[in-house]
Amino acid sequence: MSKVKCLLCPRECVLGSGDRGDCRARMNIDGKLQTLVYGKPCAMHVDPIEKKPLYHYLPSTSSFSIATAGCNLHCMYCQNWEISQREPENTRNMDLSPSEVVRQAMAAKCKTIAYTYSEPIIFFEYAADTGRLAHKNGLLNVWVTAGYINPEPLKEAVTFVDAANIDLKGITDKFYKTMAKASLDPVLNTIKTMKREGVWVELTNLVVPTYNDTREDFAKLCDWVMDNVGPEVPVHFARFWPMYQLKNLPPTPEEVLTQARETAMSRGIQYAYVGNVPGHEGNNTYCPVCKKIVIKRRGYMILEYNIIVGKCKFCNHKIAGRWE
Amino acid sequence: MLKKQITRKEFLKTGFLGILTILALPLSRIFSIKDNVSRKDAKYYKELAG
């Protein structure tokens, strides 16, 4: 039986008959590459869209969220490792066809379907078919992704992905190799491509003590964002909690996250947030011109909303995002 | 309180059923694998010569 080479992500696994890809979700069966997770999500939930996190996209709406087993990264801090680092044979999977996903999303009055928790890239075919059907039914698609995908499938993905939260885990290749057994450049390419093709993009940087938590790290990351995708792309600095293979580290100190946000703003990032710290002033959206709070949040809840027709209620400055 | 004495026969029967159950669990997973995963053609790959 012939070998196959998967071309979905930069790993480009070469698989003999019966071999499984690094993502665990694709297998060479009798000389053909097959997906083991089509229509077989192991996680399904209705979440507030702010959880993704997406703060500038249809706020206060619900997102029908699904995931299958598997992932093409192996991050030492993965909070969803019990599904992302498992074979689909070893997770409890549902039978949920693309049409059933859309039907249930509409029944739950969701405005979006989120492909999340693990990694939508590795359930690409399922996400693509569901995404197209979602569009036909007036729903929008959100990817929560690490962005580790090859250019060709990415070109297809941007035709049905409307918004994305992309992990920018670090700003050095060394970090990506150490933390996720991956490389940085494909992720940077994904961010630039999605932005250029009109996908609404927000970035998340999980700040991990001793790995990527210095002022220099934050400055370099923000400079890249400014130079390549611009000041209006929101950046979320999220608190790390001890997890999976990094239980020996402490949670990220709040002052480090505050420093990250302040560094971002000093570098020109207009919307810099602190995540996983309820009550922090970095949970709120501020108008970049008059500096007043345009969205006040506590966790995922919106307490105050001062955006009218996409503009700051106080000074009329256009706030970047999709508000309706 | 009444104490029921388990007979040797009951003990062996329970043990035997317990062992069968433990052995059957992985076997049942093997038979259910087909339903738990999909077999659908993937996109973005190429066949290699040789």
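Here is how names work: the chains are called A, B, and so on, in the same order as the sequence lines, proteins then strands, and each is numbered from 1.
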Give a yes or no answer on whether the side chain of T35(A) reaches the backbone of S38(B) with a donor-acceptor pair at less than 3.5 Å. no
Nearest heavy atoms of Q34(A) and D41(B), plus distance in Å: NE2-OD1, 3.0 Å
I need the residue from L15(A), T68(A), V37(A) with the largest number of non-hydrogen atom pairs under 4.5 Å to chain B. V37(A)
Selection from R92(A), E156(A), E87(A) maximising heavy-atom pairs under 4.5 Å formed with chain B: E156(A)
Between P88(A) and N36(B), what is the shortest heavy-atom contact and its length? O-ND2, 3.2 Å
Examine whether an atom of E152(A) lies under 4.5 Å from a heavy atom of chain B, and if so say whether it belongs to the side chain, the backbone or both; otherwise answer neither. both
Counting only heavy atoms not in E197(A) (residues, nucleotides, ligands), do more than 12 fall under 6.0 Å from its CD? yes
Worked verdict on V4(A) versus K46(B) for side-chain contact (heavy atoms from CB on, under 4.5 Å): CA-CA 6 Å; V4(A) 301; K46(B) 64 179 181 186; over 6 Å; no
Using heavy-atom distances under 4.5 Å, tell me whether L33(A) contacts chain B through its side chain, its backbone, both, or neither. both
Report which part of T91(A) has an atom under 4.5 Å of a heavy atom belonging to chain B: side chain, backbone, both, or neither. backbone
What part of Y38(A) is in contact with chain B, defined as an atom under 4.5 angstrom from a non-hydrogen atom: side chain, backbone, both or neither? both
Just checking K177(A): does its NZ atom have more than 12 heavy atoms from other residues, nucleotides or ligands closer to it than 6.0 angstrom? yes
Can you give me the closest heavy-atom contact between K43(B) and R26(A), atom names plus distance? O-NH2, 3.0 Å
